[in-house]
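Because only heavy atoms are used, hydrogens play no part in the values below, and waters and symmetry mates are left out as well, while side chains stay in. Residue numbering restarts at 1 for every chain, and letters A, B, ... go by the order of the sequence lines.
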There are 2 protein chains.
Amino acid sequence: MSTHTLPEQIANSLRRDILLGKLAPGTSIKERDNAAELGVSRTPMREAIRILAKEGLVILRPSRSPVVADPSLKEVTDDLAVMSALEVLSGKLACANATAEELDRIAALQDKMLEISGDANSLDFFETDMAFHRAIAEASHNPALAETHGAYIARLWRTRYLSASQRSDRARALHQHGEIVRGLKARDTEFVAREIESHVQHILINISDLFEERDARRAGRIPDSTNISDI
Amino acid sequence: MSTHTLPEQIANSLRRDILLGKLAPGTSIKERDNAAELGVSRTPMREAIRILAKEGLVILRPSRSPVVADPSLKEVTDDLAVMSALEVLSGKLACANATAEELDRIAALQDKMLEISGDANSLDFFETDMAFHRAIAEASHNPALAETHGAYIARLWRTRYLSASQRSDRARALHQHGEIVRGLKARDTEFVAREIESHVQHILINISDLFEERDARRAGRIPDSTNISDI
DNA sequence: TGATAAATTTTGGTATACCAAAAATCGTTG
DNA sequence: CAACGATTTTTGGTATACCAAAATTTATCA
């Protein structure tokens, strides 16, 4: 394997650890320790950390250990606002530029989500969800857009995963995906834009609930800035 | 001085060289040579190159020398589409969130552009232009948006600079800036969105003209993919 | 005992050495 | 002489050594 460079592989490994919670938000990432753990030197590890920093998953502080990002609700909301604009643009462009094969692939991902929507394993379901959104961005035939959109997907991955794991609004999400697919196939630009905007809107609502719930749970705890650190 | 880290300083130096054309598009950037030239080692130089790569100013190729980016018209058009969406969002959010001081600052930048619009030095004018657009993104009070928007500003800097240096459409640009300022002060979301979209639209038109002109000039030359390399 | 300062350790930043893969050069051969 | 191939050189990738700034610990003093 390894069609990728070493720093990318390391970044992938770290990313998985972060997104699955093995590296909790706020944890400091020591170059030496993590490098030794993977049997590499500090140089590629440093580069990997920069890759994750660019994605917003870790925060770089000059002359201090990088830490796993722990976004506040405000930051997540800000990210989602950008993400919404990027995905609406993706949807519009996809209406104009997507090939039949690309639309089929998007529809297939939606079908797969419907299939496994009853399963317990929320990771499979969620990864298909992310692939669905990514496929729309790629169907825009605008590589810069797809890349920037992908960065926001990565940045929001963990929070959205935690939110999706609550399974609270899965039915609505599936329905909205269906509408988006329908609109894409009809090449109805405005309809797709509206549906995507609404979809992201509901993602934000669910995430807000997650934060509120967590805030409520730690009632008497330190009322610091409201991050998702201690679940 | 040096409130910044060494790699950032190096990146700034390289960025200036690229944007001002001292490092022509297509030029390969040797780590050793450029590092020695600035009296630093390869390590911070490598990091600086990655910073510029993230901005899209240089292209990284595994196991090969990085090269100064030489975007095609298609790529610039794609970038501008993203940029437009980001700036429209910035404008909308600025209408809701900008403080009076921020609006004053935006207006002041516009005034400065009007003042120096007759001067020969197009660099001053252009940098004020970029500051104007940046200020709107910052007035959105969405740091993620401002950062991503800033990355696209950097990416498009050189092409827009070359285009603006033609001074073809300076009057229209100034007028549109005025309209944007007016809309922001009136907090008229839809009006601002329309004006920004139209403004970016015209930026694209001017850039297209630049490419066409360059294509025409090298009539019998190799009809490779149409990049801005040899002016 | 609590606070503060000195000493020690940890850790990121930088320089450098070494390696392997490209690229360029040069020689050979049909 | 052109084309191919071996050899040398260049250059990015990785490991490691060294340094300085933080962070931590420990010792000292009020």
Side-chain angles (χ1 to χ4, degrees), chain A residues 1-18 22-70 222 224 229, chain B residues 1-18 22-70 222 224 229:
Chain A
M1 95 127 80
S2 90
T3 167
H4 292 317
T5 69
L6 181 56
E8 278 178 76
Q9 289 176 277
I10 297 173
N12 289 341
S13 169
L14 281 181
R15 193 185 299 108
R16 272 211 1 249
D17 289 350
I18 293 175
K22 283 180 66 177
L23 282 175
T27 307
S28 70
I29 300 178
K30 320 289 176 68
E31 290 180 4
R32 274 170 244 265
D33 298 0
N34 290 70
E37 202 164 319
L38 290 175
V40 298
S41 82
R42 286 177 59 202
T43 315
M45 170 60 69
R46 266 179 81 80
E47 254 188 61
I49 291 174
R50 307 303 150 132
I51 292 175
L52 298 179
K54 150 175 120 185
E55 292 174 2
L57 290 182
V58 310
I59 306 298
L60 252 40
R61 311 169 297 176
S63 289
R64 248 176 232 81
S65 288
V67 294
V68 177
D70 187 13
I222 41 168
D224 206 61
S229 43
Chain B
M1 90 128 84
S2 90
T3 168
H4 292 318
T5 70
L6 182 56
E8 277 179 75
Q9 289 176 279
I10 298 172
N12 289 341
S13 169
L14 281 181
R15 193 184 299 108
R16 270 209 4 245
D17 289 350
I18 293 175
K22 284 179 64 176
L23 282 175
T27 308
S28 70
I29 300 179
K30 320 291 175 65
E31 289 181 5
R32 274 171 246 263
D33 298 359
N34 290 69
E37 201 163 320
L38 290 175
V40 298
S41 82
R42 285 176 60 202
T43 314
M45 171 58 69
R46 266 178 81 80
E47 255 188 61
I49 291 173
R50 308 302 151 131
I51 291 175
L52 297 179
K54 151 175 119 185
E55 292 175 2
L57 290 182
V58 309
I59 306 297
L60 252 39
R61 311 168 299 176
S63 289
R64 247 177 234 81
S65 289
V67 294
V68 177
D70 187 12
I222 42 168
D224 205 61
S229 41

Interatomic distance, CD1@I10(B) vs OG1@T5(B), rounded to 0.5 Å, equals 8.5 Å
Atom pair NZ/CZ of K54(B) and R50(B) - distance to nearest 0.5 Å: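 Here the rounded value is 13.0 Å.
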Closest heavy-atom pair, A48(B) versus A11(B), reported as atoms and distance to 0.1 Å, is CB-N, 3.6 Å
For L60(B) and P66(B), work out which heavy atoms get closest and say how close.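 Closest approach of L60(B) to P66(B), heavy atoms only: CD1-CB, 3.9 Å.
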Would you mind reporting whether R15(A) and I51(A) have side-chain heavy atoms less than 4.5 Å apart?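 Yes - at least one pair of side-chain heavy atoms lies under 4.5 Å apart.
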Are side-chain heavy atoms of L6(A) and E47(A) found at a separation under 4.5 Å?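 No, their side chains stay 4.5 Å or more apart.
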Set of salt bridge (charged side-chain N to carboxylate O under 4.0 Å, His left out) partners for E8(B), sequence neighbours left out: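 Result, salt bridge (charged side-chain N to carboxylate O under 4.0 Å, His left out) vs E8(B): none returned.
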Nearest whole angstrom, please: distance from the [atom2] of [N] to the [atom1] of [X].
{"X": "I49(B)", "N": "dG12(D)", "atom1": "CD1", "atom2": "C1'", "value": "10 Å"}
{"X": "K30(A)", "N": "dT10(C)", "atom1": "NZ", "atom2": "P", "value": "10 Å"}
{"X": "N34(A)", "N": "dT11(C)", "atom1": "CG", "atom2": "C1'", "value": "12 Å"}

Sequence neighbours excluded, every pair satisfying side chain to side chain donor-acceptor pair (under 3.5 Å) that has a member inside residues 58-69 of chain B: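 Checked against side chain to side chain donor-acceptor pair (under 3.5 Å) - neighbours excluded - no pair reaches residues 58-69 of chain B.
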All N/O donor-acceptor pairs, side-chain side in residues 33-42 of chain B, below 3.5 Å, sequence neighbours left out:
| residue | atom | partner | partner atom | Å |
| --- | --- | --- | --- | --- |
| S41(B) | OG | T43(B) | N | 3.3 |
| R42(B) | NE | E31(B) | OE1 | 3.0 |
| R42(B) | NH2 | E31(B) | OE1 | 2.9 |

When I59(A), L52(A), V58(A) are each screened for side-chain contact (heavy atoms from CB on, under 4.5 Å) with I29(A), the one that passes is V58(A)
Hey, what are the protein-to-nucleotides 14-18 of chain D N/O distances that come in under 3.5 Å?
| residue | atom | partner | partner atom | Å |
| --- | --- | --- | --- | --- |
| dA15(D) | OP2 | S41(A) | N | 2.7 |
| dA15(D) | OP2 | S41(A) | OG | 2.8 |
| dA15(D) | N7 | T43(A) | OG1 | 2.8 |

Report for the helix from dT1(C)-dA30(D) to dG30(C)-dC1(D): angle between first-end and last-end helix axes, five pairs each, rounded to 10 degrees.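 If I round to tens, the end axes sit 0° apart.
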Determine the contact category for I29(B): base if any of its heavy atoms lies under 4.0 Å from a base atom, sugar-phosphate if only primed atoms, P, OP1 or OP2 are that close, otherwise nothing.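 Counting heavy atoms under 4.0 Å across all strands, the contact made by I29(B) is with sugar-phosphate only.
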Between the protein and nucleotides 20-24 of chain C, list the N/O to N/O atom pairs that are separated by less than 3.5 angstrom.
| residue | atom | partner | partner atom | Å |
| --- | --- | --- | --- | --- |
| dA23(C) | OP1 | R64(B) | NE | 2.7 |

